[in-house]
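The structure appears below as structure tokens.
Order of the sequence lines sets the chain letters (A, B, ...), proteins ahead of strands, with each chain counted from 1.
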There are 2 protein chains.
Amino acid sequence: MLSIENAVQTLKEKNIRLTPQRHELINILSKGNKHWTVEELYQLLNESMPSVSITTVYNNINLFCELGLVKEIQFGEALSKYEWKKEDHYHIVCSECGEMVDVWYPALKEVEVFAQSISKFDISSHNLQFYGTCSNCEQK
Amino acid sequence: MLSIENAVQTLKEKNIRLTPQRHELINILSKGNKHWTVEELYQLLNESMPSVSITTVYNNINLFCELGLVKEIQFGEALSKYEWKKEDHYHIVCSECGEMVDVWYPALKEVEVFAQSISKFDISSHNLQFYGTCSNCEQK
DNA sequence: GTCTCTGCAAACCGTTTGCAACGCA
DNA sequence: TGCGTTGCAAACGGTTTGCAGAGAC
């Protein structure tokens, strides 16, 4: 799990300013080990910085993705979610409410090798998602 | 692979009219064993029916998905692609041009079982995509 | 003081909706 | 002939862009 200090260091090295908005966004993202939409981050950020704009959230979440501080998780028709950078893993998503949890399972390298062997593609990565119903939605 | 006759039969059973637009769209989709975006289907349809509107393509591709004649393939930030209904399989997509091919690999049921065992989710399905570079883009 | 960053407003673009005219059954 | 369908235009909604003023360093 990436530390706040490392993230701040990365910004400094690239001469990217540590604005209050960026600092607070890093604070939110690096705690909680969760998955947020842009809108959710905007709401959370607004609690401590009421004047922040959603443009700034977009600007910085994209910047953080480019810097490798944050990973974008894209899922079917749902809005992208973002998580603080950690080791590669898969995700389970609730089809009802969008709730998302991590799955730590060994990377399916042998399936990648198979896909490469039967295609004319040079395979570089793969993505695996699970769909289901979370316990909260199950009860309803 | 679903036949045109079966598709037409499904429409009849549900009292859905077989308009020329629908017939031609089924013709395009059921041949070629490819993956198309809405825009691509619209272009192809326009070759034989110049007056067709993109609204009609949206209406019918969504209808066909609901009827199970067509499967929507959603991929990260890319536009959805659609394929004629066939047995479940995975996809490889070219990160450069979006070119897509099928991968017939046994469903990863044991990974689903694992995901279920370590989460509080009732897992119903999963999705696996491979990313890479197709031979065309490799040469460039 | 400089130059990046913020935040507002407008643009963007794929998709959906409303609706009047059309045409399949 | 009736009602489902088409196709136009407008609306929609998440995201990006342009830009003038603010502010980090």
Side-chain angles (χ1 to χ4, degrees), chain A residues 4 7-28 35-67 69-70 72-82 98, chain B residues 7-29 35-67 69-70 72-82 98:
Chain A
I4 296 188
V8 170
Q9 186 60 28
T10 300
L11 295 186
K12 271 190 184 161
E13 284 169 5
K14 309 237 174 184
N15 280 320
I16 294 169
R17 292 181 185 164
L18 187 59
T19 62
Q21 291 90 335
R22 280 179 184 152
H23 203 276
E24 185 60 19
L25 193 53
I26 288 175
N27 265 334
I28 293 171
H35 317 83
W36 299 270
T37 62
V38 167
E39 184 64 28
E40 284 162 357
L41 290 169
Y42 174 58
Q43 295 301 337
L44 286 169
L45 205 48
N46 253 309
E47 289 177 12
S48 49
M49 308 185 82
S51 68
V52 79
S53 84
I54 201 161
T55 306
T56 298
V57 181
Y58 276 110
N59 282 342
N60 289 317
I61 205 72
N62 287 336
L63 174 69
F64 293 169
C65 284
E66 286 165 21
L67 295 174
L69 308 181
V70 163
E72 180 178 6
I73 316 165
Q74 296 173 318
F75 258 94
E77 70 233 70
L79 299 186
S80 284
K81 292 201 169 192
Y82 298 87
Chain B
V8 169
Q9 186 59 29
T10 300
L11 295 186
K12 272 190 183 162
E13 283 168 7
K14 309 239 174 185
N15 280 320
I16 294 168
R17 291 183 185 162
L18 186 59
T19 63
Q21 293 89 338
R22 280 180 185 151
H23 202 276
E24 184 62 19
L25 192 53
I26 289 175
N27 265 335
I28 293 171
L29 285 161
H35 316 81
W36 300 270
T37 63
V38 167
E39 183 63 29
E40 284 163 355
L41 290 169
Y42 174 57
Q43 295 300 338
L44 286 170
L45 204 49
N46 254 308
E47 291 177 9
S48 50
M49 308 185 81
S51 67
V52 80
S53 84
I54 201 160
T55 306
T56 297
V57 181
Y58 276 111
N59 282 342
N60 289 316
I61 204 73
N62 287 335
L63 175 68
F64 293 168
C65 284
E66 285 165 22
L67 294 175
L69 308 181
V70 163
E72 180 177 6
I73 316 164
Q74 295 173 319
F75 258 95
E77 70 232 68
L79 299 186
S80 284
K81 292 201 170 191
Y82 298 87

**Report entry** Which residue lies more 5' along DNA chain C, comparing Thr19(B) with Tyr58(B) via nearest heavy atoms
**Finding:** Tyr58(B)
Requested in this report: Please examine the side chains of Ile26(A) and Leu11(A), heavy atoms only from C-beta on, and report whether any two atoms are closer than 4.5 Å.
Outcome: yes
**Report entry** Value in whole Å for how far the C1' atom of dT4(C) lies from NZ of Lys14(A)
**Finding:** 17 Å
Query raised in the report: Expressed in angstrom and rounded to an integer, what is the separation of Arg22(A) atom CZ from dG7(C) atom P?
Result: 11 Å
**Report entry** Protein-nucleotide distance (His23(B), atom NE2; dG23(C), atom C1'), rounded to Å
**Finding:** 17 Å
Query raised in the report: Looking across every strand, which nucleic acid part, if any, lies under 4.0 Å from Ile16(B) by heavy atom: base, sugar-phosphate, or nothing?
Result: sugar-phosphate
Report task. Starting at atom CG of Asn46(A), determine the distance to atom C1' of dG7(C), rounded to an integer number of angstrom. Result -> 12 Å
Report task. Establish, from distance only, whether the side-chain atoms of Thr56(A) and Gln21(A) form a donor-acceptor pair under 3.5 Å. Result -> no
Report summary line: Quick note, Ser53(B) side chain, CB onward, closest among dT5(D), dT15(D), dG7(D) is dG7(D)
Query - Minimum side-chain heavy-atom gap Trp36(B)-Ile61(B) below 4.5 Å - result: no
Report task. Could you tell me whether Glu39(A) contacts a base, only the sugar-phosphate backbone, or nothing, with contacts defined as non-hydrogen atoms closer than 4.0 Å? Result -> nothing
Requested in this report: Check the distance between dG7(C)'s C1' and Leu45(A)'s CG and give it to me in whole angstrom.
Outcome: 13 Å
Query raised in the report: Roughly how many Å is it from CD1 in Ile54(B) to C1' in dC13(C), rounded to a whole number?
Result: 11 Å
Report summary line: The nucleotide from dG14(C), dT6(D), dC5(C) with an atom nearest the side chain of Gln21(B) is dT6(D)
Query raised in the report: Of Pro20(B) and Arg17(A), whose closest DNA chain C nucleotide lies nearer the 5' terminus?
Result: Arg17(A)
Query raised in the report: Is the shortest heavy-atom distance from the side chain of Arg22(A) to the side chain of Ile16(A) under 4.5 Å?
Result: yes
**Report entry** Residue pair Glu47(A) / Gln43(A), side-chain donor-acceptor N/O under 3.5 Å
**Finding:** no
Report summary line: Of Asn62(A) and Thr55(B), the one whose nearest nucleotide on DNA chain D sits closer to the 5' end is Thr55(B)
Query - Whole angstrom value for the distance that separates C1' of dA22(D) from CE of Met49(A) - result: 13 Å
Query raised in the report: NA contact type, Asn15(B), heavy-atom cut-off 4.0 Å: base, sugar-phosphate, or nothing?
Result: nothing
Report task. Looking at every strand, decide which applies to Leu18(A) at a 4.0 Å heavy-atom threshold: base, sugar-phosphate, or nothing. Result -> sugar-phosphate
Query raised in the report: To the nearest angstrom, how far is Glu72(A) atom CD from dG14(D) atom P?
Result: 15 Å
Report summary line: Closest to the side chain of Asn60(A), out of dT6(C), dG7(D), dT5(D), is dT6(C)
